[in-house]
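Each chain gets a letter, A, B and so on, in the order the sequences are listed, and its residues count up from 1. The figures that follow rest on heavy atoms only: side chains count, while hydrogens, waters and symmetry mates do not. None of these values were measured; they are calculated from a predicted model.
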There are 2 protein chains.
Amino acid sequence: MNAILRRKQHKAELRTQILEAAREIFVRDGYESFSMRKLAQRIEYSPGSIYLHFKNKEELFESLVEESFDRLLRALNRLKNGHPQQDPAATLKKGLRAYVDFGLRNPSDYRFAFLLRRPLHRRPYKVHPAFDVLRYMVGRCVEEKHFRTVDIETTSQALWAAIHGITSLLIQRPTFPWVARRKLIDQVINNAIDGLMVRTDQEEETRAGVQHVQLSHL
Amino acid sequence: MNAILRRKQHKAELRTQILEAAREIFVRDGYESFSMRKLAQRIEYSPGSIYLHFKNKEELFESLVEESFDRLLRALNRLKNGHPQQDPAATLKKGLRAYVDFGLRNPSDYRFAFLLRRPLHRRPYKVHPAFDVLRYMVGRCVEEKHFRTVDIETTSQALWAAIHGITSLLIQRPTFPWVARRKLIDQVINNAIDGLMVRTDQEEETRAGVQHVQLSHL
DNA sequence: TCATTATACTGAACATTGTTCATTTATCAA
DNA sequence: TTGATAAATGAACAATGTTCAGTATAATGA
């Protein structure tokens, strides 16, 4: 009776155990030298057993990607819900920084989510939910007149491009002679955002001043 | 006598023939399903023959990367030398656009140069010469006072991050619902550059002050 | 307790991979 | 033609992903 339930649970546990081991091997040895047989040996099962949980190597890999996406998404949502009533532009900057930080702190997750080779004609990853968070943040900036009127969609995509650029480069090219990370990341984010802020015309000077003060205590 | 020369030449021709065929297979079938044997069959030689020209699959792959890098570099240099006496900021924008365009027009080259998986502990690719062009362009903008005084190195790296971001995303995620490409690319570039341009005097001071405060407590 | 049945797991097998190397073939100078 | 040098082969090896007929294990009903 509940034996079948116990079995299901055990199977699920085994599945996550496989995933954990697989991720470890992927990360440590690189995608190239990962092998199903190595994985089997690691979890102390026969190679065939893995195929009871995953259709093939590709699907196993895909599951890892999915996992990493979820983690990134959760990190972003935590941030979005964490500071709901703050200045939206500040929150946005914080969000962008958090995105980059997540990538740098969890490079293997970021690799899985965005960088690793992706076979053609594969169902698209779910970047969308994660992107929604960004779109929402930009939208609030426009609504509350911190940004001059801009196309929310275009702006969101452009911002994503910029922060993905710096994140992926820092991860993928660690030997490049980068300047100090924080400085570089800030410059990318400031460059990308500052041009969007309301202009300091004569009549808007006051608000602009206030806004700068707000920004400064990020 | 000159027979050995003829041989050398023939060998070189064969080498480039192999590279061409390899690139075609890589691009068409994906890295995963490329195989030395397929390549051998394609060029109508035995598998062993490839090893007369390349130590192994890795080195063959590396040669393709090198090739792609060179092409990108040449494209950038053409641009740099093409419009020497123009407004440097305009040239820079043009250069950034040209970078993105090169990537989009030659996605396989860009993939090889930047996106494809890179085995650890490999000698660093020569991004540096290509990056020099960018650094030079930014430097001219600062010299001729089109940009407010900025750290050339940091600015160059930040710009690279932004354009690499949009280039790689457009290449790697063709199914994402992007807005119009030109519009998006322009927005990324304008966002990144406009914040660097010289402003009216009092504006510049405000901005500089704010930035300093922001940076100081990170 | 024992037999039945559903499930988990194995391990041998297959085709394919990267790479090596002794052997054969082609090329050219003398 | 002969001898030497380089080019090319293809058989061999170990390792890969994946399948599947068979075996062990555990749960169920009597």
Handout entry: Atom pair distance, as rounded to whole Å: CD in A:Gln41 and P in C:dT10
Key = 13 Å
Problem - Atom-pair distance (CG on B:Leu39; P on C:dT16), nearest Å - result: 17 Å
Exercise for the section: Quick one: list whatever passes ring-ring contact (aromatic ring centres under 6.0 Å, His included) with B:Tyr45, sequence neighbours left out. Expected result: none
Exercise for the section: Check the distance between D:dT18's P and A:Ile50's CD1 and give it to me in whole angstrom. Expected result: 10 Å
Exercise for the section: Name all residues meeting the ring-ring contact (aromatic ring centres under 6.0 Å, His included) criterion together with B:Tyr136; count only those two or more places apart in sequence or in a different chain, and write none if there are none. Expected result: none
Exercise for the section: Measure the distance from CZ on A:Arg37 to P on C:dC14 and round it to the nearest whole Å. Expected result: 14 Å
Exercise for the section: For A:Glu32 and C:dG18, give me the distance from atom CD to atom P, rounded to whole Å. Expected result: 10 Å
Exercise for the section: Send over the distance from A:Glu58 CD to D:dT18 P, rounded to a whole Å. Expected result: 9 Å
Exercise for the section: Mind telling me whether B:Trp160 and A:Phe176 have parallel, tilted or perpendicular rings, with 30° and 60° as the class edges? Expected result: tilted
With the criterion being N/O to N/O and under 3.5 Å, what pairs connect the protein with nucleotides 7-10 of chain D, and how long is each?
unit_1	atom_1	unit_2	atom_2	d
D:dT9	OP2	B:Ser46	N	2.7
D:dT9	OP2	B:Ser46	OG	3.2
D:dT9	OP2	B:Ser49	OG	2.6

Exercise for the section: Using atom NZ of A:Lys38 as one end and atom C1' of D:dT16 as the other, report the distance to the nearest whole Å. Expected result: 11 Å
Tabulate below the donor-acceptor pairs under 3.5 Å that side-chain atoms of residues 16-26 of chain B make, not counting sequence neighbours, or state none.
unit_1	atom_1	unit_2	atom_2	d
B:Thr16	OG1	B:Glu13	O	2.9
B:Arg23	NH1	B:Ser68	OG	3.0
B:Arg23	NH1	B:Asp109	OD1	3.1
B:Arg23	NH2	B:Leu64	O	3.1
B:Arg23	NH2	B:Glu67	OE1	2.9
B:Arg23	NH2	B:Ser68	OG	3.3
B:Glu24	OE2	B:Arg42	NH1	3.2
B:Glu24	OE2	B:Arg42	NH2	3.3

Handout entry: Residue list, side chain to side chain donor-acceptor pair (under 3.5 Å) with B:Thr155, at least two apart or on another chain
Key = A:Gln187
Exercise for the section: Could you tell me which residues satisfy ring-ring contact (aromatic ring centres under 6.0 Å, His included) with B:Phe54, sequence neighbours excluded, listed by chain and number? Expected result: none
Exercise for the section: Quick one: label B:Phe34 by what it contacts on the DNA or RNA (base, sugar-phosphate, nothing), any heavy atom closer than 4.0 Å. Expected result: sugar-phosphate
Completion exercise
Rounded to whole Å, the CD-P distance (B:Glu59 to C:dT19) equals 10 Å
